[in-house]
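Start at 1 and go down the list; that is how both ligands and their atoms are numbered. Residue numbers run from 1 in the order of the sequence given.
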Amino acid sequence: MRHDHLLSAGQLDRADIEGLLDRAARIAADPETVRDRLTDSLLALCFFEPSTRTKLSFEAATKRLGGDVIDMGSVDSSSVTKGESLADTVRVIEGYADGIVLRHPSEGAAKLAAEHVSVPVCNAGDGAGQHPSQTLLDLYTMREAAGLDDLTVGIVGDLKYGRTVHSLAAALTEFDARMHFVSPPSLQLPRSVQYDLHEAGARLREHESLDGLLPELDVLYVTRIQRERFPDEDEYREVAGQYRIDETTLANARDDLTIMHPLPRVDEIAPTVDDTDHATYFQQAHNGVPVRMALLDALLGGEEA
Ligand code: CP
C-alpha cells in the first residue's frame, strides 16, 4: 500500500485492497511470522465516540504484532473537555506514538488530523462519513464466504448515516459488484455518496423493500439505524424497526446467502438467525484482528517480512 494514512475507502484501488486482504490471510494462517513486526512501536487510540470492536481489535492487532498502545480514554477524562481543538490534541499525541487511530463524531475529522501530524492516521469512523478499516474486514469476510467476483450484495438499513455503508459501497465498486440499497426514503444514500458512486461507474439500484430481492443476493449486509445521529428522536422512531431479518424473512433466501452486519446490532437481526448457516457477523467481527494486523503492518511496519 502506497499511502501514509487510511482516511477513506476511496483511496484504495482493487490492487491495494487485494494486497491487504492477501496479507491478512497470510497473517491469519501463520501469526507467528509477524509477532515481532511492531516491536517498540506505540499506537495511540483516540476514540471520541464509543467503540467495542474497532478499538479492541486495533489494540489486539497491535499487541499481536509485538507493539503496544496508549489510550486517550474517554473524552470526559481528557483535556478535550477544557476546549482543546482536535488539531492541537493530535499534534501533541504524535509526539507520544508512532501512529494514531481516530474515531470522531465529525465527518472529515481524520482528514483534518492527518493534515496536522506526520505519523500515520487511521480513520476509525468519522461521524456519518467513512469507516475504511471496517470495509477491509467486510471485504475479507465476503471474500472468504462468497468470493469477490460477480458478487450481488444487498445493503439494508440506515444508508444515510451508516458510515460503514459509504466505505463499503466505494470498495465494492472496485470489484464491479451489483449493489442493491434498501432503506426508507428518508435514509437513502446521501447525494454526495451517490454522485461519487455513479462517477466511479457503480452498478447500483435503490429499493424501499427487500421483497423479491433475497433470491438474487450472495450477501445481505444489514446495518443498525444510527439513532445517535438523528437530530430528532421522533424521526428515529418513524423508521426504527422497519427491517428485521428473521427466519420468515429468510424463507426465500438462497441456502448460501451470507448475512453480515458491522455490529453492534439492536433488533435488525433476530437472535434465531445466529444459529443458521447464513450468520457470518461474529466471524466478521473476529476478522477485524488479522485485517487490522495487516493494515498496521502496512502502515507502520514498512516492507513485508
Ligand atoms: N463495527 C464497529 O465499528 O463497531 P464498534 O462501534 O464497536 O467499534
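Judged purely by distance below 3.5 Å, without hydrogens or angles, the side chains of Ser167 and Gln130 pair a donor atom with an acceptor atom.
Judged by a 6.0 Å distance limit and a 45° cone about the ring axis, Arg103 is not positioned over the six-membered ring of Phe47.
With salt bridges taken as basic N to acidic carboxylate O contacts below 4.0 Å, none links Arg229 and Glu107. Salt bridge status for Lys55 with Glu59: absent, with no side-chain N to carboxylate O gap under 4.0 Å. Under a 4.0 Å N-O distance rule, the pair Arg143/Asp22 qualifies as a salt bridge.
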Can you list every pair where an N/O of ligand 1 is under 3.5 Å from an N/O on the protein?
residue: ligand 1; atom: 1 (N); partner: Gln134; partner atom: OE1; Å: 3.0
residue: ligand 1; atom: 1 (N); partner: Pro262; partner atom: O; Å: 2.9
residue: ligand 1; atom: 1 (N); partner: Leu263; partner atom: O; Å: 3.0
residue: ligand 1; atom: 3 (O); partner: Thr54; partner atom: OG1; Å: 3.0
residue: ligand 1; atom: 3 (O); partner: Arg103; partner atom: NH2; Å: 3.0
residue: ligand 1; atom: 3 (O); partner: His131; partner atom: NE2; Å: 2.9
residue: ligand 1; atom: 4 (O); partner: Arg53; partner atom: NE; Å: 3.0
residue: ligand 1; atom: 4 (O); partner: Leu263; partner atom: O; Å: 3.4
residue: ligand 1; atom: 6 (O); partner: Arg103; partner atom: NH1; Å: 2.8
residue: ligand 1; atom: 7 (O); partner: Thr52; partner atom: N; Å: 2.8
residue: ligand 1; atom: 7 (O); partner: Arg53; partner atom: N; Å: 3.0
residue: ligand 1; atom: 7 (O); partner: Arg53; partner atom: NE; Å: 3.2
residue: ligand 1; atom: 7 (O); partner: Arg53; partner atom: NH2; Å: 3.0
residue: ligand 1; atom: 8 (O); partner: Ser51; partner atom: OG; Å: 2.6
residue: ligand 1; atom: 8 (O); partner: Thr54; partner atom: N; Å: 2.9
residue: ligand 1; atom: 8 (O); partner: Thr54; partner atom: OG1; Å: 2.6
residue: ligand 1; atom: 8 (O); partner: Arg103; partner atom: NH1; Å: 3.4
residue: ligand 1; atom: 8 (O); partner: Arg103; partner atom: NH2; Å: 3.3

Could you go step by step and tell me if Arg203 and Asp176 meet the salt bridge (Lys or Arg N to Asp or Glu O under 4.0 Å) rule? CA-CA 7 Å; Arg203 294 202 281 169; Asp176 203 24; 3.4 Å; yes
